[in-house]
Structure formats: C-alpha cells, structure tokens
Amino acid sequence: MNFVKIMKFGGTSVGSPERMRALIPLITDDERKIVVLSAMSGTTNSLVEISDLLYSGNATGAMNKIEILREKYHKVVNELYETEAFRKSGLEMINSHFGSLTNIASRSFTKQQEKAVLAEGELMSTALVHLMLQEKNIKSYLLPALNYMRVDKDGEPDYFYIEENLKRELRKCDSKSIIITQGFICRNAYGEIDNLKRGGSDYTASIIGSVLKVREIQIWTDISGFHNNDPRFVENTRVIRELSFDEAAELAYFGAKILHPATVNPAKINNIPVRLKNTMEPEDEGTLITASTTQADYKAVAAKDGISVIRIRSDRMLMAYGFLRKVFEIFEAYRTPIDMIATSEVSVSLTIDNPQNLEQIAKDLKELGTVEIEKNQTIICIVGDFRTERKGSAPEIFRALNTVSLKMISYGGSNNSLSLLIDTADKIKALKLLSKHLFA
Ligand code: ASP
Ligand code: MG
C-alpha cells in the first residue's frame with residue numbers, strides 16, 4: 001500500500017473531453033498514485049444554481065437547468081469516447097446521475113438534498129475519466145470517496161475513520177491500477193452526504209496524502225503556481241518557485257485563489273511537500289511548498305475581499321481586564337472566526353469574512369459598548385521577511401501605499417506576513433502600487 005503521490009486535477013483540468021484526454025500522459029507514469037478529480041468546471045456552480053431554484057420553490061426553473069446540464073454531459077460523452085459501446089455505457093452512466101437529480105428536484109428540498117445535488121459533479125467527472133481509461137485499456141479503479149472521506153461534528157476531517165476506511169477500500173484494488181477518486185465530497189458525522197466546502201478538492205488531496213504519508217501532493221490547475229501578485233489585476237506577475245507551508249497558508253487564506261486554504265495544514269503536520277502544477281504547461285516547475293523557507297524581503301501579495309470591520313468602543317475597557325475575552329466569546333458563540341485585530345486603550349477593531357451572523361453579533365456587542373460596522377473592506381496580505389529585528393520592510397510598504405488610506409495594520413503577529421485593511425474600492429490601486437514598489 002505504498003503510494004508515491006497524490007495528483008489532484010481541478011475543474012479546468014477535466015473541463016472538456018480534450019482536457020480529460022490530456023490527463024492520460026500525466027497519470028500513466030510508473031509511480032503509484034491516487035488521482036483526485038474536481039467536477040468539470042462550471043458544473044458545481046450550475047448545481048448550486050439548481051439548488052437555489054429548488055430552495056425558492058421554482059421546480060420548473062430547476063428542471064430546465066438540469067436538462068441544459070444533461071445536454072452538456074451528453075455532448076461530452078459523445079466526444080470523449082471513440083466506440084459506440086463506450087458511448088452507450090457513458091450515456092447510461094450520465095443518465096443515471098441525472099435520474100438522481102430529477103428525482104431530488106421533484107421532492108421538497110432540504111439542506112441535505114443540496115449536498116447530494118452538489119456531489120453529482122465529482123461523481124460524474126470521475127466516472128467519465130475512469131471509463132475513458134478503460135476504453136484505452138489503461139487499468140484504473142474508481143475509489144468512492146463517500147466510502148472513506150468523513151468529517152466530524154465540527155466539520156473537521158475524522159482522520160481515524162478516514163485512515164481505517166481508506167486503507168480498507170484500497171485493499172480491494174489491484175496494485176497496478178491508477179486509482180481515481182472524487183475530491184470535495186464526503187460524509188458527515190451522521191453518515192449523510194456532505195462536502196469540504198467550495199474548492200475543497202485540494203483539501204481532499206492533502207487529507208489523503210497525509211493519511212497515506214505519500215512523498216508528494218500535487219495540485220494541478222490551469223496556472224503555473226502561486227504568483228507574486230494577483231494576475232487578474234496586475235501585469236507582469238511572476239511565479240514563486242518555493243514557499244514555506246506557513247507562507248503558502250497565508251497566501252491561500254488571504255485571497256490567492258489557487259489553493260484551498262485548509263490544504264496546507266495536513267501537509268504541514270506530516271511534512272509532505274505540496275507542488276502546484278499547470279496542466280496546460282506540464283513542464284513548468286510550478287510552486288513547491290515545503291517546511292523550509294527561502295529568504296526574500298517580499299515574496300508575494302494577495303488580497304481578500306468581502307471583509308467587514310467591527311469597531312467596538314467602550315470606556316469600560318480603560319485599564320480593565322477581561323474585556324477582550326467578553327468580545328471574543330461573542331464571536332465564538334456565533335462560530336465566526338476573526339481575521340485581523342487592532343486595539344487602543346478604549347476601543348478594539350476586528351475583521352471577519354463571514355457576515356452571516358453579523359447582525360446578531362453586533363446586537364450582543366452593543367451590551368459592551370458602541371459598535372460601528374463597515375462592509376466592503378479588503379485585506380491585503382504581504383508575505384515576506386517580517387522578522388521584528390529586521391529594519392526597513394514595513395516603511396517601504398507604507399511609502400508605496402502613501403496614497404491609499406490604511407484602515408488597520410497587522411504587523412508583528414507573524415514573522416512572514418504583514419496585513420493591511422483598505423476599502424475594496426482601493427484594492428486594484430494598492431496591488432499595483434505594491435507591485436511597482438516591491439517587485440519591480
Ligand atoms: N467542485 C468543487 C467546487 O467547484 C470542489 C473543487 O473544485 O475543488 O467548489
Ligand atoms: Mg480549486
């Protein structure tokens with residue numbers, strides 16, 4: 001049961017029959033591996049839209065969207081397979097998945113059914129690729145993620161369960177076959193279908209890789225690794241060749257879309273390198289994430305939108321202790337994580353990225369003092385060498401941004417990052433200024 005690597009391919013890497021065929025040379029080397037696949041790009045979004053329509057009671061709208069999606073998959077099947085026999089099995093397989101979808105759509109809709117709807121994307125992409133390999137006489141084994149992947153009551157991976165069940169499932173397959181499994185989907189503590197949140201296929205790969213102690217976890221996407229700034233907004237960005245686990249976690253968390261932020265953690269704990277690769281340019285080195293860090297004043301900048309800042313002001317805070325505890329307890333009660341924090345003697349400002357319980361939180365906080373909320377904020381995270389004994393790195397950043405209003409600054413919390421809060425309206429300008437002054 002020695003697996004060398006995990007190879008996870010994202011939605012665009014399985015986004016068309018052509019892309020699926022392009023996987024073959026990548027996965028048919030001699031190394032024993034597990035291949036984790038996302039849904040075809042666009043599918044999970046369509047399934048979310050279908051669920052939203054069902055929630056709002058618009059069953060006809062949902063059925064229409066289901067039929068449009070079915071058409072799309074029929075086209076994929078017709079283009080993907082070469083022989084009539086395989087087209088026939090492909091269509092039967094797709095129709096059975098759409099049968100489940102229409103079945104769910106014709107009944108009253110619950111959160112639980114939404115999870116089952118979302119799971120169809122990965123179930124179909126893996127079945128399509130598995131069948132493609134069979135048609136080409138390449139030995140593969142379809143490993144059902146719902147038989148081993150599980151989260152506990154807090155939504156955290158249940159490693160004990162996963163290890164036992166994954167190893168049991170793997171004993172069923174021939175050691176020569178390529179093992180294909182679904183990213184993203186899992187069961188919850190009650191055995192119901194669930195998922196690891198949007199973008200969670202990366203997380204699947206690192207959970208499996210950690211359980212099996214593989215040599216490397218590879219995340220294949222359509223971009224050649226982490227860039228030093230956001231290529232959607234800034235020109236001439238560069239790929240970062242090496243990052244430490246901590247640096248990668250900060251970048252992933254603070255907005256670099258390439259990696260699901262939870263991915264780094266299991267790999268870090270087990271010290272398993274994570275390599276980001278590009279399926280369009282497989283020769284590119286990509287980004288290698290390991291325990292070691294390379295020195296550079298500034299490595300990368302990432303931005304995270306959708307932030308709300310909450311400012312609490314209270315004279316009771318003056319020279320008092322226990323005040324912050326009371327504040328934090330309120331956020332804890334609503335299971336809302338805090339990202340940045342700044343304090344003065346009589347006030348504290350906090351940011352959150354999940355506004356779901358914001359109103360309730362504000363109401364409870366008002367018991368402690370006056371509360372002010374501002375939405376549409378962005379956190380800019382600069383990853384680099386910010387050891388406090390060093391001189392000069394923070395002033396350079398502030399000089400670069402002297403035409404942008406900085407609304408919060410977090411420095412000294414970590415040796416490898418500095419975060420700033422700005423209005424989202426200033427984001428592109430700030431990213432461009434940082435690119436010009438830090439990386440030019
Ligand atoms: N298909 C899921 C999503 O679109 C999971 C993933 O692609 O990582 O969010
Ligand atoms: Mg992704």
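Counting convention: from 1, in listed order, for ligands and their atoms alike.
Of all atoms in ligand 1, listed by their number and element, those nearer than 4.0 Å to a heavy atom of S38 are 6 (C), 7 (O), 8 (O).
At least one heavy atom of G200 sits under 4.0 Å from some atom of ligand 1. Taking a 4.0 Å cut-off on heavy atoms, G10 fails to register as neighbouring ligand 1. In this structure, E122 counts as a contact residue of ligand 1, since one of its heavy atoms falls inside 4.0 Å of the ligand.
Considering backbone and side-chain N/O of D202, none are found under 3.5 Å from N/O of ligand 1. At under 3.5 Å, a nitrogen or oxygen of T44, whether backbone or side chain, sits near a nitrogen or oxygen of ligand 1. Between F184 and ligand 1, no pair of N/O atoms sits closer than 3.5 Å.
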Show your working on side chain to side chain contact (heavy atoms under 4.5 Å, CB included) between R87 and E84 and close with a plain yes or no. CA-CA 5 Å; R87 282 200 192 113; E84 270 318 306; 2.9 Å; yes
Would E114 and Q112 satisfy side-chain hydrogen bond (donor to acceptor under 3.5 Å, both in side chains), going step by step from the backbone distance to the final call? CA-CA 5 Å; E114 175 178 1; Q112 192 36 51; over 6 Å; no
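Note that CE of M149 is 6.5 Å distant from CG of L196, once rounded to the nearest 0.5 Å.
Counting only distance, with no hydrogens or angles, the side chain of R241 and the backbone of G286 share a donor-acceptor pair below 3.5 Å.
Closest to atom 3 (C) of ligand 1 by heavy atom, among H260, R198, K8, is R198.
Heavy-atom neighbours of E79 CD from other residues, nucleotides or ligands within 6.0 Å: above the threshold of 12. Open room surrounds CD on E332; 12 or fewer heavy atoms of other groups in view lie less than 6.0 Å from it.
Ring geometry for F98 against Y73 counts as tilted: the plane angle lies between 30° and 60°, on a 0 to 90° scale.
Of the protein's heavy atoms, S201 OG, 3.3 Å lies nearest to atom 6 (C) of ligand 1.
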